[in-house]
Amino acid sequence: MSVPNRVSVVTIFLNGERFIEEAIDSVFAQTYSDWELLLVDDGSTDSSPAIAKAYQLRHPNRIRYLRHDGGSNLGMSASRNLGIAHATGEFLAFLDADDIWLPQKLQRQVEMLRSYPKAAMAYGPTLCWYSWAGGDRGRGDDYLRNLGVTPNQLVAPPALIPLFLSNRALPPSTCGLLLRMDAAHSAGCFEVSF
């Protein structure tokens, strides 16, 4: 049974020690506070499991550390499905260990799904941010992924599919969406053969 209004955040990682703390901290920085964080280890051999476990120890009521049986590496889809299987929220969000969220991401998207009860998901633009690394990649390499639709409106299926297939819009990035848990389950979650 899901907890109304709670967002289950699934963060998968494989040797993510370089960025995982920033990803986790961006969840804690959210203006929307009713969330749980599921940190799913996909067979890491670096210090990222220790980092994830340390966060879980400090925040046992908010964070859970999960891994595949035997510490196996089963891939992104199986790892996201493991997180979904342990999620308790009404809503589901994904944040990979090398991504971050702006502080109002969850608040805005929960409000959007509350405003449109027939919507299965909400998504927003994602900034592909390369200039953080400095060097040869400058600000000119950063770009905002085009939504391809007018924001803040309900788009009924299958209207997005032709836009995505014709490259008039980009599919939402995984970290840019929020979906209803029941929609994820009815879709069968992620295909593990990918």
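For Phe190 and Phe94, the ring centers sit closer than 6.0 Å to each other.
Within 6.0 Å of CE in Met121 there are more than 12 heavy atoms belonging to other residues, nucleotides or ligands. Under a cut-off of 6.0 angstrom, the local environment of CG in Leu102 is sparse, with at most 12 non-hydrogen atoms contributed by other residues, nucleotides or ligands. The environment of Arg108 atom CZ is sparse: at most 12 non-hydrogen atoms of other residues, nucleotides or ligands sit within 6.0 angstrom.
Taking 4.5 Å as the limit, some side-chain heavy atom of Arg80 sits within range of a side-chain heavy atom of Asp96. The shortest side-chain heavy-atom distance between Lys105 and Leu95 does not fall under the 4.5 Å cut-off. Side-chain contact between Tyr123 and Val149 is present, with at least one heavy-atom pair separated by less than 4.5 Å. The closest side-chain heavy-atom distance from Met181 to Ser8 is below 4.5 Å. Contact check for Thr45 versus Asn15: side-chain heavy atoms found under the 4.5 Å cut-off. Two residues are said to be in side-chain contact when any heavy atoms from C-beta on lie closer than 4.5 Å; Val40 and Phe13 fail this criterion. Between Val10 and His86 the shortest side-chain heavy-atom distance does not fall below 4.5 Å. Side chains of Thr88 and Glu36 form a contact here, defined as non-hydrogen atoms less than 4.5 Å apart.
Leu177 and Val7 fall into different hydrophobic clusters, where Ile, Leu, Val, Met, Phe, Trp and Tyr side chains are chained together by heavy-atom contacts under 4.5 Å. Under the 4.5 Å side-chain heavy-atom criterion for grouping Ile, Leu, Val, Met, Phe, Trp and Tyr, Val27 is connected to Ile20 within one hydrophobic cluster. Under a hydrophobic-cluster definition in which Ile, Leu, Val, Met, Phe, Trp and Tyr are linked whenever side-chain heavy atoms come within less than 4.5 Å, directly or via other members, Phe19 and Ile24 are assigned to different clusters. Under the 4.5 Å side-chain heavy-atom criterion for Ile, Leu, Val, Met, Phe, Trp and Tyr, Leu37 and Phe91 are members of the same hydrophobic cluster. Leu92 and Leu82 end up in the same hydrophobic cluster when Ile, Leu, Val, Met, Phe, Trp and Tyr side chains are linked at under 4.5 Å.
The OG atom of Ser115 lies 12.5 Å from the CD atom of Gln109; values are rounded to the nearest 0.5 Å. Rounded to the nearest 0.5 Å, atoms CG (Leu38) and OG1 (Thr11) are 8.5 Å apart. How far CD of Gln153 is from OH of Tyr116: 7.5 Å, rounded to the nearest 0.5 Å. Once rounded to the nearest 0.5 Å, the distance linking OH of Tyr32 with CG of Leu178 reads 9.0 Å. One finds the CD1 atom of Ile63 at 14.5 Å from the NZ atom of Lys53 (value rounded to the nearest 0.5 Å). Here Gln104 contributes atom CD and Gln30 contributes atom CD; the two are 9.0 Å apart, rounded to the nearest 0.5 Å.
Legend: salt bridge (Lys or Arg N to Asp or Glu O under 4.0 Å) pairs involving residues 184-194, not counting sequence neighbours: none detected.
Across Ala93 and Trp101, no two heavy atoms sit closer than the pair CB-CH2, 3.7 Å. When every heavy atom of Leu57 is checked against every heavy atom of Pro60, the shortest pair comes out as O-CD, 3.5 Å. Taking all atoms of both residues into account, the shortest heavy-atom contact from Ala23 to Ala97 is CB-O, 3.6 Å. Closest heavy-atom contact between Pro4 and Asp34: O-OD2, 3.9 Å. When every heavy atom of Ala87 is checked against every heavy atom of Arg64, the shortest pair comes out as CA-NH2, 4.4 Å. The minimum heavy-atom distance linking Ala184 with Leu179 is given by the pair CB-CD1, 3.4 Å.
Ring geometry for Trp35 against Phe28 counts as perpendicular: the plane angle is over 60°, on a 0 to 90° scale with 30° as the lower cut.
Judged purely by distance below 3.5 Å, without hydrogens or angles, the side chains of Asp25 and Tyr55 pair a donor atom with an acceptor atom.
A donor-acceptor contact shorter than 3.5 Å links the side chain of Asp42 to the backbone of Leu74. Of the possible donor and acceptor atoms, none in the side chain of Gln56 sits under 3.5 Å from a partner among the backbone N and O of Leu66. A donor-acceptor contact shorter than 3.5 Å is absent between the side chain of Asp99 and the backbone of Cys175. The backbone N or O of Ser48 lies less than 3.5 Å from a partner atom in the side chain of Asp46, making a donor-acceptor pair.
Annotation: salt bridge (Lys or Arg N to Asp or Glu O under 4.0 Å) contacts of Arg180 (sequence neighbours excluded): none.
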Show your reasoning for whether side chain to side chain contact (heavy atoms under 4.5 Å, CB included) applies to His185 and Ile84.
CA-CA 9 Å; His185 286 292; Ile84 293 167; 3.8 Å; yes
